[in-house]
Chemist: 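Below you will find the structure I want to go over with you.
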Protein chains: 2
Amino acid sequence: MGKDMKQTTRRFQQMYEKLKKFHYKLTPQRIAILKILSERFDHPRPEDIYDDLQQQLPTTSPATVYKTLTVLKKLKEVLEIQYSHESNRYDAVNPFPHPHIFCTACQKITDLDFSEYDILQKKIALQTGYHVETVCLEVAGVCPDCQKISESFPGSR
Amino acid sequence: MGKDMKQTTRRFQQMYEKLKKFHYKLTPQRIAILKILSERFDHPRPEDIYDDLQQQLPTTSPATVYKTLTVLKKLKEVLEIQYSHESNRYDAVNPFPHPHIFCTACQKITDLDFSEYDILQKKIALQTGYHVETVCLEVAGVCPDCQKISESFPGSR
DNA sequence: TTTTTATATGATAATTATTATCCATTGATA
DNA sequence: TATCAATGGATAATAATTATCATATAAAAA
(Lines give C-alpha, C1' and ligand atoms only; values in the text may rest on other atoms or scores of the structure.)
Protein backbone atom coordinates (compact mmCIF):
# COMPACT_ATOMS: atom_id res chain seq x y z
CA MET A 1 0.00 0.00 0.00
CA GLY A 2 1.54 3.30 -1.11
CA LYS A 3 1.91 6.35 1.04
CA ASP A 4 -0.79 8.22 -0.87
CA MET A 5 -3.21 5.36 -0.46
CA LYS A 6 -2.70 5.27 3.29
CA GLN A 7 -3.22 9.01 3.48
CA THR A 8 -6.28 8.75 1.26
CA THR A 9 -7.82 6.05 3.41
CA ARG A 10 -7.14 7.99 6.58
CA ARG A 11 -8.73 11.16 5.24
CA PHE A 12 -11.77 9.22 4.11
CA GLN A 13 -12.16 7.70 7.56
CA GLN A 14 -11.72 11.05 9.28
CA MET A 15 -14.48 12.61 7.20
CA TYR A 16 -16.71 9.54 7.58
CA GLU A 17 -16.37 9.59 11.37
CA LYS A 18 -16.95 13.35 11.52
CA LEU A 19 -20.24 12.99 9.65
CA LYS A 20 -21.23 10.09 11.88
CA LYS A 21 -20.35 12.02 15.03
CA PHE A 22 -22.62 14.88 14.04
CA HIS A 23 -25.45 12.53 13.01
CA TYR A 24 -25.38 13.17 9.30
CA LYS A 25 -26.68 10.23 7.30
CA LEU A 26 -24.02 8.15 5.58
CA THR A 27 -25.73 7.81 2.21
CA PRO A 28 -24.10 6.07 -0.76
CA GLN A 29 -23.85 9.46 -2.48
CA ARG A 30 -22.03 11.03 0.46
CA ILE A 31 -19.71 8.07 0.89
CA ALA A 32 -18.80 8.24 -2.80
CA ILE A 33 -18.14 11.98 -2.57
CA LEU A 34 -15.93 11.52 0.50
CA LYS A 35 -13.98 8.89 -1.42
CA ILE A 36 -13.53 11.16 -4.41
CA LEU A 37 -12.49 14.09 -2.23
CA SER A 38 -9.96 12.04 -0.31
CA GLU A 39 -8.39 10.80 -3.54
CA ARG A 40 -8.17 14.07 -5.45
CA PHE A 41 -5.06 16.09 -4.73
CA ASP A 42 -5.78 18.62 -7.48
CA HIS A 43 -8.28 20.98 -5.80
CA PRO A 44 -11.28 19.88 -7.89
CA ARG A 45 -14.29 21.97 -8.80
CA PRO A 46 -17.84 20.83 -7.92
CA GLU A 47 -18.23 19.91 -11.58
CA ASP A 48 -15.13 17.68 -11.45
CA ILE A 49 -16.46 15.91 -8.38
CA TYR A 50 -19.81 15.47 -10.10
CA ASP A 51 -18.13 13.93 -13.17
CA ASP A 52 -16.31 11.38 -11.01
CA LEU A 53 -19.47 10.69 -9.05
CA GLN A 54 -21.46 9.87 -12.16
CA GLN A 55 -19.10 7.01 -12.96
CA GLN A 56 -20.30 5.28 -9.82
CA LEU A 57 -23.82 6.63 -9.30
CA PRO A 58 -25.16 7.77 -12.68
CA THR A 59 -28.42 9.17 -11.31
CA THR A 60 -26.95 11.71 -8.90
CA SER A 61 -27.56 15.40 -9.19
CA PRO A 62 -25.07 18.28 -9.07
CA ALA A 63 -27.16 19.64 -6.18
CA THR A 64 -26.05 16.69 -4.06
CA VAL A 65 -22.41 17.60 -4.62
CA TYR A 66 -23.05 21.20 -3.58
CA LYS A 67 -25.05 20.12 -0.53
CA THR A 68 -22.36 17.70 0.62
CA LEU A 69 -19.66 20.34 0.16
CA THR A 70 -21.74 22.72 2.28
CA VAL A 71 -21.92 20.17 5.08
CA LEU A 72 -18.19 19.44 4.91
CA LYS A 73 -17.42 23.15 4.89
CA LYS A 74 -19.48 23.60 8.05
CA LEU A 75 -17.59 20.74 9.70
CA LYS A 76 -14.28 22.23 8.50
CA GLU A 77 -13.47 19.02 6.63
CA VAL A 78 -12.98 20.75 3.29
CA LEU A 79 -11.25 24.00 2.42
CA GLU A 80 -13.02 26.21 -0.10
CA ILE A 81 -10.84 28.24 -2.43
CA GLN A 82 -13.07 30.95 -3.82
CA TYR A 83 -12.82 32.34 -7.33
CA SER A 84 -14.77 35.25 -8.65
CA HIS A 85 -17.18 34.17 -11.39
CA GLU A 86 -15.65 30.82 -11.98
CA SER A 87 -16.11 27.62 -10.00
CA ASN A 88 -14.70 27.39 -6.52
CA ARG A 89 -12.06 24.74 -5.91
CA TYR A 90 -12.05 22.39 -2.92
CA ASP A 91 -9.30 20.82 -0.86
CA ALA A 92 -10.34 18.00 1.44
CA VAL A 93 -6.87 16.45 1.50
CA ASN A 94 -5.63 19.36 3.60
CA PRO A 95 -8.74 21.12 4.91
CA PHE A 96 -6.86 23.60 7.09
CA PRO A 97 -6.39 27.10 5.67
CA HIS A 98 -3.17 27.32 3.70
CA PRO A 99 -1.90 29.39 0.78
CA HIS A 100 -1.92 28.28 -2.85
CA ILE A 101 -0.13 29.27 -6.00
CA PHE A 102 -2.03 29.19 -9.29
CA CYS A 103 -0.39 28.86 -12.70
CA THR A 104 -2.08 31.23 -15.12
CA ALA A 105 -0.78 29.19 -18.07
CA CYS A 106 -1.79 25.61 -17.18
CA GLN A 107 -4.37 26.46 -14.45
CA LYS A 108 -2.64 24.11 -11.98
CA ILE A 109 -3.11 24.91 -8.28
CA THR A 110 -0.32 23.91 -5.94
CA ASP A 111 0.01 24.22 -2.19
CA LEU A 112 2.40 27.02 -1.34
CA ASP A 113 4.79 25.95 1.37
CA PHE A 114 5.20 29.31 3.06
CA SER A 115 6.49 28.86 6.59
CA GLU A 116 5.62 32.36 7.71
CA TYR A 117 1.93 31.84 6.95
CA ASP A 118 1.11 30.50 10.39
CA ILE A 119 2.47 33.54 12.22
CA LEU A 120 0.82 36.00 9.82
CA GLN A 121 -2.51 35.81 11.64
CA LYS A 122 -0.99 36.76 14.99
CA LYS A 123 1.06 39.58 13.47
CA ILE A 124 -1.98 41.08 11.78
CA ALA A 125 -4.17 40.69 14.87
CA LEU A 126 -1.57 42.45 16.99
CA GLN A 127 -1.11 45.25 14.49
CA THR A 128 -4.77 45.95 13.68
CA GLY A 129 -6.62 45.00 16.85
CA TYR A 130 -8.94 42.84 14.76
CA HIS A 131 -10.08 39.46 15.98
CA VAL A 132 -8.73 37.69 12.91
CA GLU A 133 -10.86 34.83 11.58
CA THR A 134 -9.29 34.01 8.20
CA VAL A 135 -6.11 34.88 6.35
CA CYS A 136 -6.35 34.21 2.63
CA LEU A 137 -3.07 34.22 0.68
CA GLU A 138 -3.43 33.27 -2.97
CA VAL A 139 -0.62 33.76 -5.47
CA ALA A 140 -0.83 33.63 -9.25
CA GLY A 141 1.94 33.39 -11.81
CA VAL A 142 3.61 31.14 -14.35
CA CYS A 143 5.06 27.87 -13.10
CA PRO A 144 8.60 26.81 -14.05
CA ASP A 145 7.33 24.21 -16.56
CA CYS A 146 5.21 26.73 -18.40
CA GLN A 147 8.06 29.25 -18.41
CA LYS A 148 10.17 26.68 -20.29
CA ILE A 149 7.43 26.10 -22.82
CA SER A 150 7.04 29.81 -23.37
CA GLU A 151 10.81 30.10 -23.91
CA SER A 152 10.69 27.40 -26.57
CA PHE A 153 7.76 29.10 -28.32
CA PRO A 154 8.33 32.80 -27.70
CA GLY A 155 5.28 34.94 -28.21
CA SER A 156 2.99 31.93 -28.32
CA ARG A 157 0.59 33.38 -25.78
CA MET B 1 -8.85 72.73 0.26
CA GLY B 2 -8.53 69.63 2.47
CA LYS B 3 -5.95 66.93 2.04
CA ASP B 4 -8.57 64.43 0.84
CA MET B 5 -9.85 66.85 -1.76
CA LYS B 6 -6.40 67.43 -3.17
CA GLN B 7 -5.82 63.69 -3.33
CA THR B 8 -9.21 63.17 -4.92
CA THR B 9 -8.55 65.77 -7.58
CA ARG B 10 -5.12 64.34 -8.33
CA ARG B 11 -6.47 60.81 -8.73
CA PHE B 12 -9.22 62.05 -11.02
CA GLN B 13 -6.67 63.84 -13.18
CA GLN B 14 -4.36 60.84 -13.29
CA MET B 15 -7.17 58.61 -14.53
CA TYR B 16 -8.42 61.23 -16.97
CA GLU B 17 -4.96 61.66 -18.49
CA LYS B 18 -4.44 57.90 -18.69
CA LEU B 19 -7.65 57.46 -20.68
CA LYS B 20 -6.68 60.37 -22.92
CA LYS B 21 -3.18 58.98 -23.46
CA PHE B 22 -4.58 55.67 -24.67
CA HIS B 23 -7.18 57.35 -26.88
CA TYR B 24 -10.26 56.35 -24.95
CA LYS B 25 -13.13 58.79 -25.43
CA LEU B 26 -13.78 61.12 -22.51
CA THR B 27 -17.55 60.78 -22.41
CA PRO B 28 -19.72 62.43 -19.72
CA GLN B 29 -20.47 58.96 -18.33
CA ARG B 30 -16.80 58.06 -18.00
CA ILE B 31 -15.88 61.41 -16.49
CA ALA B 32 -18.65 61.01 -13.90
CA ILE B 33 -17.47 57.49 -13.04
CA LEU B 34 -13.87 58.68 -12.67
CA LYS B 35 -15.09 61.39 -10.31
CA ILE B 36 -17.07 58.91 -8.23
CA LEU B 37 -14.18 56.46 -8.08
CA SER B 38 -11.71 59.14 -7.03
CA GLU B 39 -14.02 60.26 -4.22
CA ARG B 40 -14.97 56.91 -2.76
CA PHE B 41 -12.54 55.56 -0.20
CA ASP B 42 -14.80 52.66 0.78
CA HIS B 43 -14.09 50.09 -1.97
CA PRO B 44 -17.48 50.41 -3.68
CA ARG B 45 -19.29 47.71 -5.64
CA PRO B 46 -20.38 48.31 -9.26
CA GLU B 47 -23.91 48.75 -7.92
CA ASP B 48 -22.74 51.50 -5.52
CA ILE B 49 -21.02 53.32 -8.36
CA TYR B 50 -24.15 52.97 -10.47
CA ASP B 51 -26.30 54.44 -7.68
CA ASP B 52 -24.05 57.49 -7.42
CA LEU B 53 -23.93 57.82 -11.20
CA GLN B 54 -27.70 57.93 -11.49
CA GLN B 55 -27.81 61.07 -9.34
CA GLN B 56 -25.94 62.87 -12.11
CA LEU B 57 -26.89 60.98 -15.27
CA PRO B 58 -30.24 59.26 -14.67
CA THR B 59 -30.31 57.46 -18.03
CA THR B 60 -27.08 55.50 -17.64
CA SER B 61 -26.96 51.74 -17.67
CA PRO B 62 -25.18 49.39 -15.26
CA ALA B 63 -23.40 48.00 -18.32
CA THR B 64 -21.59 51.31 -18.69
CA VAL B 65 -20.21 51.00 -15.18
CA TYR B 66 -18.96 47.49 -15.87
CA LYS B 67 -17.44 48.53 -19.20
CA THR B 68 -15.62 51.49 -17.66
CA LEU B 69 -14.31 49.34 -14.83
CA THR B 70 -13.01 46.87 -17.41
CA VAL B 71 -11.12 49.65 -19.18
CA LEU B 72 -9.66 51.00 -15.94
CA LYS B 73 -8.65 47.50 -14.87
CA LYS B 74 -6.80 47.03 -18.15
CA LEU B 75 -5.00 50.35 -17.61
CA LYS B 76 -4.26 49.35 -13.99
CA GLU B 77 -6.08 52.43 -12.72
CA VAL B 78 -8.42 50.46 -10.50
CA LEU B 79 -7.79 47.48 -8.24
CA GLU B 80 -10.40 44.75 -8.32
CA ILE B 81 -11.07 42.89 -5.08
CA GLN B 82 -12.84 39.69 -6.05
CA TYR B 83 -15.50 38.01 -3.96
CA SER B 84 -17.03 34.67 -4.68
CA HIS B 85 -20.69 35.02 -5.58
CA GLU B 86 -21.10 38.51 -4.32
CA SER B 87 -20.19 41.75 -6.04
CA ASN B 88 -16.54 42.60 -6.54
CA ARG B 89 -15.26 45.72 -4.81
CA TYR B 90 -13.09 48.35 -6.50
CA ASP B 91 -10.31 50.60 -5.27
CA ALA B 92 -9.29 53.41 -7.60
CA VAL B 93 -7.91 55.55 -4.78
CA ASN B 94 -5.00 53.16 -4.42
CA PRO B 95 -4.99 51.03 -7.57
CA PHE B 96 -1.78 49.17 -6.77
CA PRO B 97 -2.15 45.67 -5.32
CA HIS B 98 -2.31 45.82 -1.54
CA PRO B 99 -3.87 43.72 1.21
CA HIS B 100 -7.22 44.43 2.85
CA ILE B 101 -8.92 43.45 6.07
CA PHE B 102 -12.66 42.86 6.05
CA CYS B 103 -14.88 43.14 9.12
CA THR B 104 -17.35 40.25 9.12
CA ALA B 105 -19.62 42.18 11.47
CA CYS B 106 -19.97 45.59 9.79
CA GLN B 107 -18.70 44.58 6.29
CA LYS B 108 -16.18 47.43 6.28
CA ILE B 109 -13.07 46.94 4.13
CA THR B 110 -9.91 48.68 5.29
CA ASP B 111 -6.46 48.82 3.77
CA LEU B 112 -4.08 46.61 5.70
CA ASP B 113 -0.81 48.37 6.29
CA PHE B 114 1.43 45.33 6.18
CA SER B 115 5.01 46.36 5.50
CA GLU B 116 6.19 42.87 4.57
CA TYR B 117 3.69 42.64 1.72
CA ASP B 118 6.01 44.17 -0.84
CA ILE B 119 8.79 41.65 -0.27
CA LEU B 120 6.37 38.70 -0.24
CA GLN B 121 6.34 38.51 -4.02
CA LYS B 122 10.11 38.19 -4.29
CA LYS B 123 10.28 35.64 -1.48
CA ILE B 124 7.64 33.46 -3.10
CA ALA B 125 9.19 33.79 -6.57
CA LEU B 126 12.57 32.75 -5.21
CA GLN B 127 11.16 29.81 -3.30
CA THR B 128 8.84 28.41 -5.97
CA GLY B 129 10.52 29.35 -9.24
CA TYR B 130 7.23 30.83 -10.42
CA HIS B 131 7.11 34.07 -12.36
CA VAL B 132 4.80 35.71 -9.84
CA GLU B 133 2.11 37.97 -11.30
CA THR B 134 -0.18 38.67 -8.36
CA VAL B 135 -0.11 38.18 -4.61
CA CYS B 136 -3.54 38.41 -3.03
CA LEU B 137 -3.66 38.78 0.74
CA GLU B 138 -7.14 39.26 2.15
CA VAL B 139 -7.88 39.03 5.86
CA ALA B 140 -11.26 38.74 7.55
CA GLY B 141 -12.19 39.23 11.16
CA VAL B 142 -14.00 41.47 13.61
CA CYS B 143 -12.81 45.07 13.89
CA PRO B 144 -12.12 46.67 17.31
CA ASP B 145 -15.34 48.71 17.16
CA CYS B 146 -17.50 45.67 16.51
CA GLN B 147 -15.69 43.75 19.26
CA LYS B 148 -16.75 46.46 21.72
CA ILE B 149 -20.35 46.26 20.56
CA SER B 150 -20.36 42.51 20.90
CA GLU B 151 -18.97 42.86 24.46
CA SER B 152 -21.81 45.24 25.37
CA PHE B 153 -24.42 42.90 23.90
CA PRO B 154 -23.00 39.41 24.46
CA GLY B 155 -24.53 36.75 22.31
CA SER B 156 -26.21 39.32 20.09
CA ARG B 157 -24.98 37.69 16.93
C1' DT C 1 -37.41 -7.25 12.16
C1' DT C 2 -40.63 -3.77 11.42
C1' DT C 3 -42.01 0.84 12.12
C1' DT C 4 -41.21 5.46 12.36
C1' DT C 5 -39.35 9.83 11.31
C1' DA C 6 -36.30 13.15 10.29
C1' DT C 7 -33.09 13.86 6.82
C1' DA C 8 -31.27 13.43 2.08
C1' DT C 9 -31.85 13.07 -2.84
C1' DG C 10 -32.97 14.53 -7.48
C1' DA C 11 -35.35 17.33 -10.69
C1' DT C 12 -36.16 21.75 -11.60
C1' DA C 13 -36.76 26.66 -10.90
C1' DA C 14 -34.83 30.80 -9.11
C1' DT C 15 -31.10 33.88 -8.18
C1' DT C 16 -27.52 37.09 -9.21
C1' DA C 17 -23.32 39.21 -10.84
C1' DT C 18 -21.40 39.78 -14.94
C1' DT C 19 -20.78 39.56 -20.04
C1' DA C 20 -22.38 39.67 -24.81
C1' DT C 21 -25.09 41.69 -28.44
C1' DC C 22 -26.56 45.21 -31.35
C1' DC C 23 -28.24 49.45 -32.93
C1' DA C 24 -28.36 54.41 -32.22
C1' DT C 25 -25.42 58.02 -30.61
C1' DT C 26 -21.43 60.84 -30.08
C1' DG C 27 -16.49 62.40 -29.07
C1' DA C 28 -12.41 63.26 -31.49
C1' DT C 29 -9.88 64.04 -35.54
C1' DA C 30 -9.29 65.82 -40.22
C1' DT D 1 -18.48 70.63 -40.36
C1' DA D 2 -18.17 65.91 -41.87
C1' DT D 3 -16.62 61.51 -40.90
C1' DC D 4 -16.19 57.32 -38.41
C1' DA D 5 -14.71 54.30 -35.00
C1' DA D 6 -15.75 53.98 -30.27
C1' DT D 7 -19.31 54.20 -26.82
C1' DG D 8 -23.80 53.98 -24.50
C1' DG D 9 -28.13 51.91 -23.38
C1' DA D 10 -31.44 48.31 -23.55
C1' DT D 11 -31.82 43.75 -23.28
C1' DA D 12 -30.65 38.90 -23.65
C1' DA D 13 -27.43 35.44 -22.39
C1' DT D 14 -24.35 33.11 -19.24
C1' DA D 15 -23.00 30.37 -15.46
C1' DA D 16 -22.25 29.01 -10.72
C1' DT D 17 -24.80 28.35 -6.96
C1' DT D 18 -28.97 28.14 -4.01
C1' DA D 19 -33.87 27.27 -3.12
C1' DT D 20 -37.90 24.43 -3.53
C1' DC D 21 -40.43 20.38 -2.89
C1' DA D 22 -42.11 15.80 -3.53
C1' DT D 23 -40.19 11.26 -3.02
C1' DA D 24 -36.95 8.03 -1.09
C1' DT D 25 -34.20 6.23 2.59
C1' DA D 26 -30.76 5.81 6.65
C1' DA D 27 -30.96 5.18 11.24
C1' DA D 28 -33.19 5.11 15.65
C1' DA D 29 -37.09 3.18 18.15
C1' DA D 30 -40.41 -0.27 19.00
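Both backbone and side-chain heavy atoms feed into the values below; hydrogens, waters and symmetry mates do not. In what follows, chains are A, B, ... by sequence order, proteins preceding strands, each numbered from 1. All figures in this text were calculated on a predicted structure; none of them were measured in a lab.
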Chemist: State the NZ-OH distance between A:K74 and A:Y24, to the nearest 0.5 angstrom.
Modeler: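 Interatomic distance, A:K74 NZ to A:Y24 OH, rounded to 0.5 Å: 4.5 Å.
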Chemist: For A:L26 and C:dT7, what is the distance between atoms CG and P respectively, to the nearest whole Å?
Modeler: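 Rounded to whole Å, this separation is 15 Å.
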Chemist: Whole angstroms only, please: what is the CD-C1' distance between B:E80 and C:dA17?
Modeler: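 It is 12 Å, rounded to the nearest whole Å.
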Chemist: To the nearest Å, give me how far apart CG (B:L53) and C1' (D:dG8) are.
Modeler: 11 Å
Chemist: In residues 81-99 of chain B, which residues come under 4.0 Å of DNA chain D by heavy atom?
Modeler: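 Residues of residues 81-99 of chain B under 4.0 Å from DNA chain D: B:H85.
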Chemist: Quickly work out the A:Y50 OH to D:dT17 P distance and round it to whole Å.
Modeler: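 After rounding, the gap between these two atoms is 15 Å.
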Chemist: Are B:K123 and A:E116 close enough for a salt bridge, meaning some N to O gap below 4.0 Å?
Modeler: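 So B:K123 pairs with A:E116 through a salt bridge.
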Chemist: Is the shortest side-chain N to carboxylate O distance from A:R11 to A:E39 below 4.0 Å?
Modeler: no
Chemist: Which nucleotides of nucleotides 8-14 of chain C have their base under 4.0 Å from a protein heavy atom (B), which only their sugar-phosphate (S), and which neither (-), written as one string 5' to 3'?
Modeler: SBBB---
Chemist: Which angle, rounded to 10°, do you find between the first-five-pair axis and the last-five-pair axis of the helix from C:dT1-D:dA30 to C:dA30-D:dT1?
Modeler: 30°
Chemist: Applying side chain to side chain contact (heavy atoms under 4.5 Å, CB included) between A:V139 and each of B:L120, B:V132, B:T134, report the one that passes.
Modeler: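 Of the listed residues B:L120, B:V132, B:T134, the side chain to side chain contact (heavy atoms under 4.5 Å, CB included) partner of A:V139 is B:V132.
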Chemist: Using atom OH of B:Y16 as one end and atom P of C:dG27 as the other, report the distance to the nearest whole Å.
Modeler: 12 Å
Chemist: According to the interplanar angle, ranging from 0 to 90°, do the rings of B:H43 and B:H98 count as parallel (below 30°), tilted (30 to 60°) or perpendicular (above 60°)?
Modeler: tilted
Chemist: Have A:Q29 and A:T68 got a donor and an acceptor in their side chains that come within less than 3.5 Å?
Modeler: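 The answer is no; no qualifying pair exists.
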Chemist: With no hydrogens and no angle check, just 3.5 Å: does a side-chain donor-acceptor pair link B:H100 and B:E138?
Modeler: yes
Chemist: With a 4.0 Å limit, can you tell me whether A:Y66 has a side-chain N or O closer than that to the phosphate oxygens OP1/OP2 of D:dT18?
Modeler: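 No, no such contact exists.
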Chemist: Do B:Q82 and B:E80 get their side chains close enough for a donor-acceptor pair, meaning under 3.5 Å?
Modeler: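 B:E80 and B:Q82 do have a side-chain donor-acceptor pair below 3.5 Å.
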Chemist: Could you give the CZ-to-P distance, from A:F22 to D:dA28, as a whole number of Å?
Modeler: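 For the pair A:F22 CZ and D:dA28 P, the rounded distance is 16 Å.
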Chemist: Does A:R45 offer a backbone N or O that forms a donor-acceptor pair with the side chain of A:Y50 under 3.5 Å?
Modeler: no
Chemist: Start with the C-alpha gap between B:S84 and A:N88, add the side-chain angles, then the distance that decides, and say whether side chain to side chain contact (heavy atoms under 4.5 Å, CB included) holds.
Modeler: CA-CA 8 Å; B:S84 175; A:N88 289 338; 3.2 Å; yes
Chemist: Check B:K35 with B:D52, please: is the shortest side-chain N to carboxylate O separation under 4.0 Å?
Modeler: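 The answer is no: the pair does not qualify as a salt bridge.
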